[in-house]
Structure formats: structure tokens, C-alpha cells
Amino acid sequence: MTRWRWDHPRQLVLGLLLWSLWFVAVYGGHALACRAGAPAPWIVTGLLDCTAIVVTVLAWAAWRCLAAARSLPAGVARFLARSAAALHAVAALSTVFVGLPILLVPACA
Amino acid sequence: MLLLSGCSGPLSTLDPAGPSAAAIAQVLWWMLGVAVVVSVGVIALWLWAMRPDAQRRGHERRWLVGGGLLLPGVAIAALLFFGASAGRHQWPWPGETPALVIDVNARQWHWRVRYPEHDLVLQDELRLPVGRAVHVRTSSDDVIHSFWVPRLGGKLDAIPGRTLMLSLQADRPGRYLGQCAEFCGIGHARMPLVVIAMAPDDFDAWLAAARRAP
Amino acid sequence: MSSPGQLADGSGGPPDAAALHAEFERVWGNPRGWRALTIVNHSVVALRFMVTGLVFFVLAGLLSMLMRVQLARPGQQVIDAETYNQAFTAHGTMMMFLFAVPVLQGAAAYLLPKMLGARDLVFPRLSAFGYWCYLFGGLIFCAGLALGLAPNAGWFMYTPLSSDVHSPGPNSDFWLIGITFVEIATMAAGIEIAVSILRTRADGMALHRMPIFAWAMLVTSMMIVFGFPPLILASILLELERAAGWAFFDPTRGGDPLLWQHLFWLFGHPEVYIIFLPAAGMVSTLVSVHAQRPLVGYSWVVVSLISTGFLSFGLWVHHMFTVGIPALAQGFFAAASMAVAIPTAVQVFAWIATLATGRPRWNPPMLWLAGFLATFVLGGLTGVMLAFVPFDWQVHDTHFVVAHLHYVLIGGMLFPLFAALYHWLPLASGRMASPRLARLGFWLSFVGFQGTFLVMHWTGLLGMPRRVWTYDSGMGWDWPNLVSSVFGFVMAFGVAATLLDLALHWRFGRKAEPNPWHADTLEWAVGQPPTSYNFASLPPIDSRHPLWEQPQLQSAIAAGDFELPRAAHGRRETLGSDPVSGRPREVIHLPGNSVLPLLAALLLSAMCIALLARFYWPALAAACATTVVLLRWSWENCAHPKAAAGEAFDLPKGLALHSRTFDGPGLWGMGLTMAANAALYASFVFGWCFLWLVAPAWTPPAKAPLDVWTLPAATGAFIAGWALLRQLSGRLQHGVDQGLGLRLLAAAACGAAGCAVLGKALAGATLAPTRSAHDAMLAFLLVYLLLHGALAVLLALLQAARVRHGHVGLQAPYEPGVVAILWLFVVGVTAVAWVAFGLLPTALAGQG
């Protein structure tokens with residue numbers, strides 16, 4: 001594993017990868033928790049907390065990539081950092097949007 | 001008027017006779033309207049962009065943000081928020097007391113409709129009282145079928161090994177049609193279900209008579 | 001360093017362009033006659049893919065015409081129900097698996113090396129093998145159709161309808177076996193294209209200078225790597241259920257029909273984006289060229305492509321909104337399905353902005369792209385409507401969905417494909433099409449399409465279900481169906497006119513001037529039609545638009561002004577590049593023509609036919625024969641005399657042949673193959689958890705069939721073998737090659753021990769896979785682990801043999817690292833098996 005860099009090409013996929021893991025966690029977690037009979041308000045709180053944490057991490061990663069991009073000269077590294085910032089932002093916004101149903105639809109029904 | 005008469009049909013989703021179908025049809029008309037406006041707009045934009053005029057530069061970023069982000073972003077957020085409640089009629093919410101529970105068991109290629117509380121079995125026919133929600137429990141003996149009465153509400157699959165439930169309500173007396181809506185083999189095209197909604201008194205009378213009949 | 005064109009020993013002056021061409025033709029030229037069956041060159045193989053795909057397209061189109069005739073009037077019996085069911089199943093299957101993906105992969109295989117500045121794809125024999133598997137698999141499928149035994153359970157083959165109980169007879173087996181065979185080609189092409197894009201680019205073609213089509217194909221190929229394996233797994237499980245009675249999807253034996261649906265749509269939704277993204281890449285390319293300006297928002301489009309790739313994996317349950325999944329779960333998938341519209345909208349507006357700020361012209365490609373936009377946007381909008389769950393409850397499984405899917409697939413793939421064919425026709429054939437016939441073909445197709453499918457939304461809203469072979473009058477469906485059928489014929493004429501135009505002008509069209517559309521990317525510098533070797537010398541580039549910056553590049557390339565400008569050494573070579581910066585890292589030497597791909601594909605076909613006929617011993621024999629051919633194929637590799645004999649003295653300074661380094665395409669290919677395998681295994685583990693938690697009649701046995709030591713012991717054995725391989729790779733890196741063969745044999749022995757443990761468990765455990773899904777899953781797991789362990793042992797032994805023959809050693813240290821990746825995978829799956837199949841059930845059972 002190479003050192004952590006905000007302009008590394010793997011930044012292009014890490015954000016949406018985290019979104020994918022979040023998705024599996026809320027979809028699977030909701031199913032498991034409902035099956036185990038947990039009370040609905042706890043489930044909703046748990047899902048919201050998980051969502052909030054992931055959104056925060058992704059927004060922070062987007063900001064770090066953008067900051068790294070500003071200090072780079074034009075070239076492939078800057079392209080990677082800026083694109084990664086956008087992709088982390090996409091992941092963050094997708095988490096928010098896909099998480100909205102938690103507020104709109106009752107759990108376990 | 002012409003349009004409305006064109007919307008009617010025994011299996012039409014655009015001629016609702018129950019709250020679930022009505023709520024869905026209403027959102028549909030809104031979505032259809034927005035879709036027409038957006039598609040006409042985007043096509044017009046493309047054709048305008050194809051004009052072989054002198055070079056036009058600038059404002060590229062505005063296209064991307066306005067058309068690519070804001071337009072669809074606002075549209076889907078609106079759809080999610082305003083549409084979220086349209087499905088509530090179909091869902092058998094816990095705590096809701098139905099007028100009746102009806103078991104609909106599907107098999108190739110017929111519907112066996114049971115009224116468990118009244119020990120009554122019908123074939124390819126379902127009767128319900130007007131104005132009250134009934135809970136329909138679907139099941140299947142062989143392959144996956146789908147229970148669907150378009151004028152009353154959306155469909156629910158009948159899956160072997162499972163019992164699924166939806167809430168069904170008719171607001172007007174009448175004869176409605178249902179149809180199996182999941183490909184289930186050679187007889188799939190001919191697997192209709194006749195749904196008769198009756199005024200509550202008529203329904204009780206019919207129920208009593210049907211139970212007494214051998 | 002000697003000057004370009006001059007041999008390293010200084011002899012002879014640089015040859016002129018004509019002599020250089022002759023030199024390259026001797027090495028790269030394509031044979032004729034019977035020996036044409038051995039061609040591995042990407043241009044030929046890619047064109048074969050495309051022509052074959054278009055033939056399947058026409059066949060599938062004829063099936064749809066049959067269906068439209070039957071549905072034109074109510075109560076007709078032009079064909080009976082069984083024929084109709086076979087027709088719609090075959091139509092969908094052929095269009096999705098035998099036309100859409102292969103044709104686009106063929107186009108990518110043809111264009112990418114030229115766009116990237118390479119001479120060929122990285123695994124030429126694999127390309128050829130992929131083509132033969134595709135052809136033979138497609139023929140096997142069509143044989144079913146010809147025999148009246150085509151699959152008839154719908155192109156998504158829902159269980160229990162497609163199980164042996166409800167679909168006895170070989171029909172569904174033609175699907176499961178034939179299409180899985182074809183998927184080998186899809187996977188192979190996907191992996192090869194991804195590696196080629198990452199590792200064989202022109203000097204200076206960093207990621208931000210890559211043609212946008214390459215980005216689209218990179219994302220698509222990665223989607224194929226992760227998206228197809230769930231279907232491959234599901235097909236294997238269903239075929240096992242049908243042929244051997246193993247319970248996976250039968251709810252009475254602990255299985256679940258919904259498991260099939262999840263696995264299928266986990267593939268099925270990414271599949272439609274696998275079809276759309278290459279087309280989107282083509283649109284981006286064409287719009288930029290025909291507006292004569294760079295694409296607006298290149299980075300935005302790259303971000304959109306990657307976003308679409310990921311988001312599309314989170315949508316699959318929107319095909320299952322009516323199966324009774326909890327409301328909130330449906331909500332997640334509804335929101336994700338709506339969100340995926342945004343990256344697409346970004347691309348649409350990037351295209352509009354490019355046209356609006358450029359100098360567009362209405363030539364045939366642009367005509368088709370206008371048709372694409374009008375159609376695809378409508379399809380996308382109905383898609384967003386369908387994402388709205390309650391509406392989907394009404395129109396799911398009706399003709400509304402049929403209309404939607406044809407809008408996005410025909411609008412989003414076929415129209416861009418025709419645009420692309422018109423655009424690149426001059427490149428591939430050196431001739432131009434006729435604008436008049438092109439316009440006729442377009443308008444007939446476009447008007448015919450709209451007439452057929454626009455009214456179909458209405459038909460669906462009026463309640464007409466899918467997959468009904470006939471219908472009664474009085475539903476309001478009579479006139480819409482008639483309209484659809486009539487216009488269907490109009491569209492058919494339009495498509496025929498278009499294909500005719502392209503075919504005729506391939507041979508008889510007016511000669512095209514060089515780069516007739518004034519395009520910017522490198523594929524227009526390889527000659528029209530292209531030479532077999534693309535570039536006589538490989539140019540460096542420093543912008544996204546090489547031909548706009550340097551219009552005379554083609555003649556400089558042909559004169560041998562740039563890298564790797566000689567072929568007198570007899571090797572097929574291209575530059576291996578750094579995946580990010582595009583700087584050359586090594587010289588990749590490629591295999592020439594070979595009959596082994598054809599042979600292997602023929603033997604696999606024999607195996608498939610035997611499986612179809614349920615002759616299992618002949619199938620096993622064919623499988624063994626295939627393995628032998630594949631082993632021979634892998635033997636003729638790297639440092640083998642047939643691949644690249646001896647040392648090369650005429651390489652650019654600082655670069656070595658890739659097989660003499662520690663990195664090369666095979667490493668990346670093995671890595672991606674194992675990633676695909678991991679996706680398959682992950683789907684399997686998902687299936688296990690799913691059945692355990694949700695299957696209606698799941699009954700785990702009172703006593704676990706596997707003893708607690710089997711899986712940890714096997715894991716340990718495989719770890720030992722892997723560690724040995726890593727160690728010997730490290731020693732080679734430090735210039736030590738003693739004990740190479742011994743270590744390989746020791747690793748093989750460790751692997752054999754692991755296999756023995758698994759084999760003993762399989763033989764000893766009292767598993768009844770035909771009676772319970774639980775046992776079937778465990779049995780499948782053990783066989784899977786055993787097969788992979790055996791493969792790892794076999795490859796280690798092969799390496800030991802190659803060391804003995806001198807094909808692997810200090811001078812050729814590359815291969816052990818490739819084999820080590822497989823070993824790591826085997827360690828990983830065995831360890832995960834220990835947790836998921838060993839420890840987890842005990843924990844779950846403990847919960848009661």
C-alpha cells in the first residue's frame with residue numbers, strides 16, 4: 001500500500017466505494033434490524049447516524065482533494081485531485097439523497 | 001372529454017376507481033407534464049445548438065450546472081418529496097384494521113380466492129365492499145404470478161413460499177378486471193380475475209347467501 | 001542512443017515509409033485462406049465481432065417482427081403461445097447478449113489501440129478466443145431456436161418458472177449454457193480492454209489526455225468485471241438445479257426464487273449501463289469532432305462516467321418493487337434510481353454546450369445523434385417516472401416498461417451505434433457512405449421507431465401486460481397495437497436501408513479523403529483502411545487533440561520518426577506505459593497468429609453441447625481436453641521461443657521486454673480476473689446470507705456437516721504456498737534464483753495438502769444437496785474451493801516445469817508474480833469461507 005495522497009488515482013473510486021458500503025450497510029442493516037425486532041425509532045436513529053457520519057467523511061475528503069488540487073500545477077495530478085474532489089462530492093450528495101427516504105418512509109413496514 | 005374517454009378501459013390505470021389508483025394517477029399526470037416540458041425543451045435546445053451560425057463561445061459552465069445539475073436535481077427532489085405519500089393507500093400499515101382479509105392463491109392459470117373468516121372460496125372472482133380497505137394476502141402454489149387490479153391500485157406478486165399483503169379499496173360499486181401481471185407460462189395471457197365491488201349492505205347480503213350455499 | 005529508424009548496431013540507413021511498411025507487414029500481416037482462422041490481430045477480430053453482432057441483430061429483429069404481426073390484431077393466431085414465448089425470450093436474449101454488448105466491445109476493440117497509439121490489444125490470443133466463444137455460443141443458442149427448443153421463460157428467466165419442474169426440456173438449458181459460454185467472451189474482452197487502456201498508451205498520454213471514449217470504455221470494462229459474475233454464478237446454480245436437482249431456488253427445499261432475482265438484477269441493471277456508456281463515449285467523441293471544438297466539460301464527463309458506473313450498481317431492486325420488500329428499502333432504491341439521472345444529464349448538457357459553442361454540421365452521424373437525443377431523453381424521463389415506486393406498482397410488467405426500455409436501448413445504443421458506424425466507416429473502409437441513402441435510412445428508422453414505441457406507453461397505461469401472446473378486444477388496446485405493428489415495419493425498412501447503405505459503401509463508396517471529418521484523435525492517423533500494425537512508429541503526444549495540433553502526424557509516423565520504428569527483429573511489439581502518466585515503462589511483446597484460441601473454443605463448444613445433451617462423461621472429457629489446450633497456450637508465453645526468443649538488442653534506451661521485468665499485462669489481467677472471480681464469490685456469500693436469513697423453508701442441520709478444522713487447515717496450507725511464492729518472487733527481485741524450482745514444488749505440495757483437506761471434507765460430509773439448499777450451498781462451496789486450489793497447484797507445477805526449461809528464471813522473472821495473485825485469491829476465499837460458512841452459522845445458531 002503506497003502512502004496516502006489526495007491526488008492518487010485511487011481517490012477517484014474511494015468515495016463512491018464508501019457510498020456503496022454505506023448502501024449495503026443501510027439496506028442490509030435495516031433488513032437485519034427489522035428482523036431482529038428492534039424498535040423502529042432506534043433503527044431510524046441508527047440509519048441517520050450512519051448516514052451523517054458517511055456524508056461528513058465524504059465531504060471532508062472532497063475538501064481535502066480540492067485543497068491538494070489548488071497547490072498543484074496543471075497536469076495529470078491536478079486533474080486527478082479535482083476529479084476526485086468532484087467524485088467525493090457526488091458520493092456525499094448521493095448519500096444524502098438516497099438517505100432521504102429514512103425521513104420520509106417508516107422503517108420495517 | 002375525448003382524452004378522458006380515451007383513458008377508460010377495464011384494465012386502465014388512468015381510470016381509477018379506488019384511492020390507491022387515484023393517488024398514483026394524479027402523480028402520473030404531473031410527471032407526464034414535467035416529462036413533456038423537459039423533453040421538448042431539451043430537444044429544442046439541441047436543435048438550436050445545431051444552428052450553423054457564427055461561432056458562439058462562453059457560458060459553457062452554465063450549461064453544465066444549470067442543465068446538468070440543477071434541472072434534474074430539483075426535479076427528482078420534488079418527485080421524492082411530493083410523491084412519497086402516494087403509496088400509502090397500497091401499504092397494509094400495521095395498526096390499520098381492514099374490513100376483510102382475503103387470501104388470493106395463484107396457480108397456473110387460475111385464482112383461488114378465499115375468505116378465511118367466512119369459510120368461502122371463489123374461483124377467478126373477488127368481491128369486496130365499497131369504501132373500506134381490505135387486506136389481500138397473495139400466495140402461489142407453483143411459479144411467480146402477480147395480483148393486479150389496475151383501476152383500484154398497484155400490483156403485488158404472488159411468490160411461492162411467501163405470503164405477501166396489500167391493501168385494496170374500491171370507491172365505487174362496479175365490475176373491475178384484474179390480470180396476472182408476471183409471466184407464468186403458456187396460460188399467462190388468459191388469467192383474468194373479476195373484481196366486483198358492492199355497496200356494504202349488498203356485500204353483506206351476498207356474503208351471507210354465499211356462505212349458506214353448498 | 002541510435003537515431004530512430006536506425007538499427008542499434010548502426011548498420012543501414014533508416015528505410016523509407018514504403019520499405020518500413022513492407023517490414024511491418026511481414027511481422028503483422030494477416031494470412032488468408034484457412035490460416036485466416038488463426039488471426040489474432042485486433043482489427044480483424046473486432047470487425048468479426050461487429051459483423052457477427054449485426055447478423056444476430058437482424059435475426060433478433062426478425063423475431064420482433066413476428067411478434068408485432070401476432071399482436072397487430074386482437075385474438076389472432078398467426079403463431080401459437082409457445083412460439084410467441086420462445087420469440088420474445090430469444091429476441092430479448094439475443095439483443096442483450098448477442099448484439100448489444102459484443103458489437104460495442106467490437107467497436108472498442110477496433111478503435112482503442114488506434115486511439116491510444118498502440119499496435120494491438122494486450123492479449124491478442126484472448127481476443128480471438130473470445131470471438132470464437134461468442135460465435136459458437138451464439139450458434140448453440142440459435143440452434144435451440146432453429147430446433148423449436150428456444151428458451152421460453154423470458155430473457156430474465158425467473159425461477160421457479162425456469163426450473164426443471166416448470167420448464168422441463170432443454171429450452172432453458174440453451175439459455176443457461178449457451179449464454180454463459182458467450183459471457184466468456186464478454187468477460188475476456190472487458191478485462192483485456194481495461195488492461196489495454198491502462199497500460200498501452202502513447203508516450204505522454206496521461207489520464208487527463210486520454211480520449212473520452214477510452215474513459216467510457218475503462219468504466220464500462222470495470223463494470224463488466226464486477227457486473228457479469230453475479231449472473232454467471234446464478235446461471236451455474238440454476239443449471240445445477242435443473243440438471244442435478246440441487247436446491248438453490250426452490251422454496252420447498254430451503255431455497256428462494258427471490259435469490260435468482262437479486263443475483264440476476266445485480267447483473268441486469270449494470271448491464272444496461274454497460275450498454276449505454278460506450279455509446280455515450282461515442283456521442284462525446286462525435287459531438288466534439290462534428291462541432292470542430294473540444295468537448296465542453298471533459299472532466300465533468302469523466303466524473304459523470306465514473307459516477308454512473310458506481311451508482312448503477314445500487315439500483316437493481318427497482319426491478320423488484322412488486323415482490324414485497326419493505327417500504328424503506330424500496331425507498332433507497334427509488335432515490336438511487338432517480339439520482340443516476342444527474343450524471344447522465346451532465347453529459348447531455350456537455351454535448352449541447354459543445355454544439356452550441358462550436359460549428360456543427362448536419363452530416364449523417366449528426367443526424368443519428370439528433371435522433372439519439374430525442375429518443376434517449378424521453379427514455380430517461382420515463383425511467384425517472386418508473387423510479388417512483390407507486391407508479392411502478394401500476395406499470396411494472398406492462399407495455400409501458402417495454403416502451404421505456406426500447407427508448408433507452410434503441411435511442412441510447414442503436415442510434416449512437418449507427419452514428420458511429422457512419423463516422424468511422426471512412427476509417428475502416430476508406431470510403432464514404434451516400435448522404436441520400438443515409439438520410440432515407442435515418443428518417444424511416446426514426447419515424448418508424450417513434451410510431452412503434454411512443455404509443456406503446458399508452459398501451460401500457462391502459463393495462464396491457466408484457467409477454468402476452470394475444471389479447472381480447474374491448475380493452476382499448478386494439479388501435480395502439482395496430483399502430484405499433486405498422487410502424488414496426490417502417491422501422492424495419494429503415495434499419496435495413498441503413499445496414500444496406502453501410503454494407504454497399506464499404507465496397508463501392510466514393511473514396512474518402514484522409515481524415516474526412518477533421519478529427520483530432522490518433523485513430524485517424526493509421527491509414528484508411530488501417531494497416532495491420534496501426535503505427536509504423538509510436539508517436540508521443542502532449543495534448544488531448546494530437547491531430548488538431550499536428551495535422552501532419554500521419555506521414556511522420558509512417559516515416560518511422562518515433563518510437564519502436566523497426567520490425568526487422570520479427571517481434572510484434574507495442575509500448576507498455578505507466579497507467580497514470582503514460583510514460584513508457586517497458587516494451588510489450590505480443591503473440592502472433594495461433595490456432596490455439598480456435599481449438600480451445602471448439603473443445604469448449606463440445607463440452608457445452610455435451611452438457612446440453614446431458615452426456616456428462618463426454619463433457620468431462622471435453623473439459624479436460626480444453627484444459628490441456630489452455631495449458632499449452634499458457635506455455636507458449638513470455639520467454640518461450642515462440643513468444644520472444646533470446647535477448648532483444650534493439651529496444652529504446654531504458655526499456656526492456658516486459659517478460660524480463662516484474663510487471664506486464666499478465667499481472668494486471670490476472671488481477672482483474674481475480675477481481676471478477678471475487679465478485680462471483682461475493683455474490684455466492686451474499687446468496688448464503690440471504691438464504692440463511694430470508695428463505696422460507698431454510699433448515700440448517702442440527703449438526704454442522706463440516707468439522708471445525710477443515711477450513712482453517714485449508715487456509716493455512718494455502719497461506720504457506722502463497723508465502724513461498726511471494727518469497728521466491730522477492731528473491732528473484734534481488735537477483736537470487738537458487739531453489740526456484742524447489743520452492744515452486746513446495747508451494748504446490750502445500751496447495752495439494754489444502755486440496756486434500758477439502759476433498760476429504762467433501763467426501764466425508766453427509767451432504768444432501770438435492771434435499772436442502774443449505775447442503776447444496778456447502779457442497780458448491782467445497783467444489784469451488786477445491787477447483788481453485790487445484791488450479792493454483794497446477795499453475796505452480798507449470799511454473800516449476802518452466803523453470804526447468806529455462807523459460808522462467810532471473811532473465812525472465814515475471815510469471816511467478818502473476819501466479820502468486822491467484823494463490824492470494826485462493827487464500828482469501830478460503831479464509832472468507834471459514835468465517836462465513838464456518839464461524840457465522842455457529843454464531844447464528846447460538847442465537848436460536
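Order of the sequence lines sets the chain letters (A, B, ...), proteins ahead of strands, with each chain counted from 1.
For Met366(C), the part lying under 4.5 angstrom from a heavy atom of chain B is the side chain only. Only the side chain of Val27(B) comes within contact range of chain C, with at least one heavy atom under 4.5 Å from a heavy atom of that chain. Both the backbone and the side chain of Phe391(C) come within contact range of chain B, judged by heavy atoms closer than 4.5 Å. Both the backbone and the side chain of Leu11(B) come within contact range of chain C, each with at least one heavy atom under 4.5 Å from a heavy atom of that chain. Heavy-atom distances place no part of Asp80(C) under 4.5 Å from chain B, backbone and side chain included. With a 4.5 Å cut-off on non-hydrogen atoms, Val301(C) does not touch chain B at all. In this structure, the portion of Thr159(C) lying under 4.5 Å from any heavy atom of chain B is its backbone and not its side chain. Arg62(B) does not touch chain C: none of its heavy atoms, backbone or side chain, sits under 4.5 Å away. Only the side chain of Pro251(C) comes within less than 4.5 Å of a heavy atom in chain B; its backbone stays farther off. Looking at Val377(C), the atoms closer than 4.5 Å to chain B (heavy atoms on both sides) all sit in the side chain, from C-beta outward. Proximity to chain B is limited to the side chain of Phe88(C), based on heavy atoms less than 4.5 angstrom apart. With a 4.5 angstrom heavy-atom cutoff, Arg190(B) touches chain C only via side-chain atoms. In this structure, chain C has no heavy atom under 4.5 Å from any part of Leu166(B). Contacts of Arg361(C) with chain B are made by backbone atoms alone, with heavy-atom separations under 4.5 Å and no side-chain atom involved. Contacts of Pro480(C) with chain B are absent, with no heavy-atom separation under 4.5 Å from either backbone or side chain. Contact annotation for Trp469(C): both backbone and side-chain heavy atoms come within less than 4.5 Å of a heavy atom of chain B. Heavy atoms closer than 4.5 Å to chain B are found in both the backbone and the side chain of Ala374(C). Proximity to chain B is limited to the backbone of Ala153(C), based on heavy atoms less than 4.5 angstrom apart. Proximity to chain B is limited to the side chain of Leu381(C), based on heavy atoms less than 4.5 angstrom apart.
Here the CE atom belonging to Met50(B) is positioned 4.0 Å from the CH2 atom belonging to Trp362(C), to the nearest 0.5 angstrom. Atoms CG and CE, on Asp157(B) and Met320(C) in that order, are 9.5 Å from each other to the nearest 0.5 Å. Of the inter-residue distances, the one linking Thr357(C) atom OG1 with Trp63(B) atom CH2 reads 9.0 Å to the nearest 0.5 angstrom. Atom CG of residue Leu69(B) and atom CZ of residue Phe349(C) lie 10.5 Å apart, to the nearest 0.5 angstrom. A distance of 10.0 Å separates CD1 in Ile24(B) from CG in Asp392(C), rounded to the nearest 0.5 Å. Here CG of Leu14(B) is found 6.0 Å from CG of Leu462(C). Values are rounded to the nearest 0.5 Å.
Considering only heavy-atom pairs separated by less than 4.5 Å from chain C, the leading option among Pro10(B), Ala77(B), Ala84(B), Ala21(B) is Pro10(B). Listed options Pro343(C), Gly154(C), Gly297(C), Ala370(C) were ranked by heavy-atom pairs under 4.5 angstrom with chain B; first place goes to Ala370(C). Contact count versus chain C (heavy atoms, under 4.5 Å) is highest, among Gly153(B), Ser146(B), Ser20(B), for Gly153(B). Top candidate by heavy-atom pairs under 4.5 Å with chain B, chosen from Thr382(C), Leu369(C), Val395(C), Asp256(C), is Asp256(C). Of the listed residues (Asp472(C), Ile352(C), Thr470(C), Val165(C)), the greatest number of heavy-atom pairs within a distance under 4.5 Å of chain B belongs to Ile352(C). Put simply, of Val348(C), Leu258(C), Val389(C), Asn152(C), the one with the most heavy-atom pairs under 4.5 Å next to chain B is Leu258(C). Among the candidates Ala695(C), Gly474(C), Ala334(C), Pro390(C), the residue making the largest number of heavy-atom pairs closer than 4.5 Å to chain B is Pro390(C).
For the pair His396(C) and Glu182(B), the minimum side-chain heavy-atom distance is below 4.5 Å. Side-chain atoms of Leu161(C) and His188(B), non-hydrogen and from C-beta on, never get closer than 4.5 Å to each other. Here the side chains of Pro160(C) and Asp142(B) are not in contact, with every heavy-atom distance at 4.5 Å or above. Counting heavy atoms from C-beta outward, Cys7(B) and Trp458(C) have side chains that approach closer than 4.5 Å. By the 4.5 Å heavy-atom criterion applied to side chains, Phe388(C) and Leu80(B) are not counted as neighbours. Looking at Met31(B) and Val384(C), their side chains never come closer than 4.5 Å, going by heavy atoms from C-beta outward.
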| message | One pair to check against side-chain contact (heavy atoms from CB on, under 4.5 Å): Thr322(C) and Trp148(B). What are the steps and the verdict? | response | CA-CA 10 Å; Thr322(C) 59; Trp148(B) 187 37; over 6 Å; no
| message | Applying side-chain contact (heavy atoms from CB on, under 4.5 Å) to Arg466(C) and Phe183(B), what does each step give before you reach the verdict? | response | CA-CA 8 Å; Arg466(C) 281 175 88 157; Phe183(B) 181 63; over 6 Å; no
| side-chain contact (heavy atoms from CB on, under 4.5 Å) assessment of Arg162(B) paired with Val323(C) | CA-CA 10 Å; Arg162(B) 282 188 159 75; Val323(C) 305; over 6 Å; no
| task | Could you please spell out the steps behind the side-chain contact (heavy atoms from CB on, under 4.5 Å) verdict for Val65(B) and Trp300(C)? | result | CA-CA 10 Å; Val65(B) 174; Trp300(C) 288 69; 3.6 Å; yes
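Counting all heavy atoms, side chain and backbone alike, Gly73(B) lies closest to Ile342(C) at CA-CD1, 3.8 Å. The minimum heavy-atom distance between Met385(C) and Leu32(B), with the atom names listed, is CE-CD1, 3.7 Å. Looking at every heavy atom in both residues, Gln394(C) comes nearest to Pro150(B) through NE2-O, 2.9 Å. The two residues Ala356(C) and Ala49(B) make their nearest non-hydrogen contact at N-CB, 3.6 Å. The heavy-atom pair separating Gly324(C) from Leu164(B) by the smallest distance is CA-CD2, 4.1 Å. Residues Ala327(C) and Trp91(B) share a closest heavy-atom pair of N-CZ2, 3.4 Å.
Within 6.0 Å of CD in Gln26(B) there are 12 or fewer heavy atoms belonging to other residues, nucleotides or ligands. No more than 12 heavy atoms of other residues, nucleotides or ligands shown are found within 6.0 angstrom of CH2 on Trp30(B).
Between Trp46(B) and Phe372(C), the ring planes are perpendicular. Angles over 60° get that label, and only those under 30° would be called parallel.
In terms of modelled atom types and a separation under 3.5 Å, the side chain of Glu82(C) and the main chain of Ile186(B) share no donor-acceptor contact. Thr13(B) places a side-chain N or O within 3.5 Å of a backbone atom of Leu461(C) that can act as its donor or acceptor partner.
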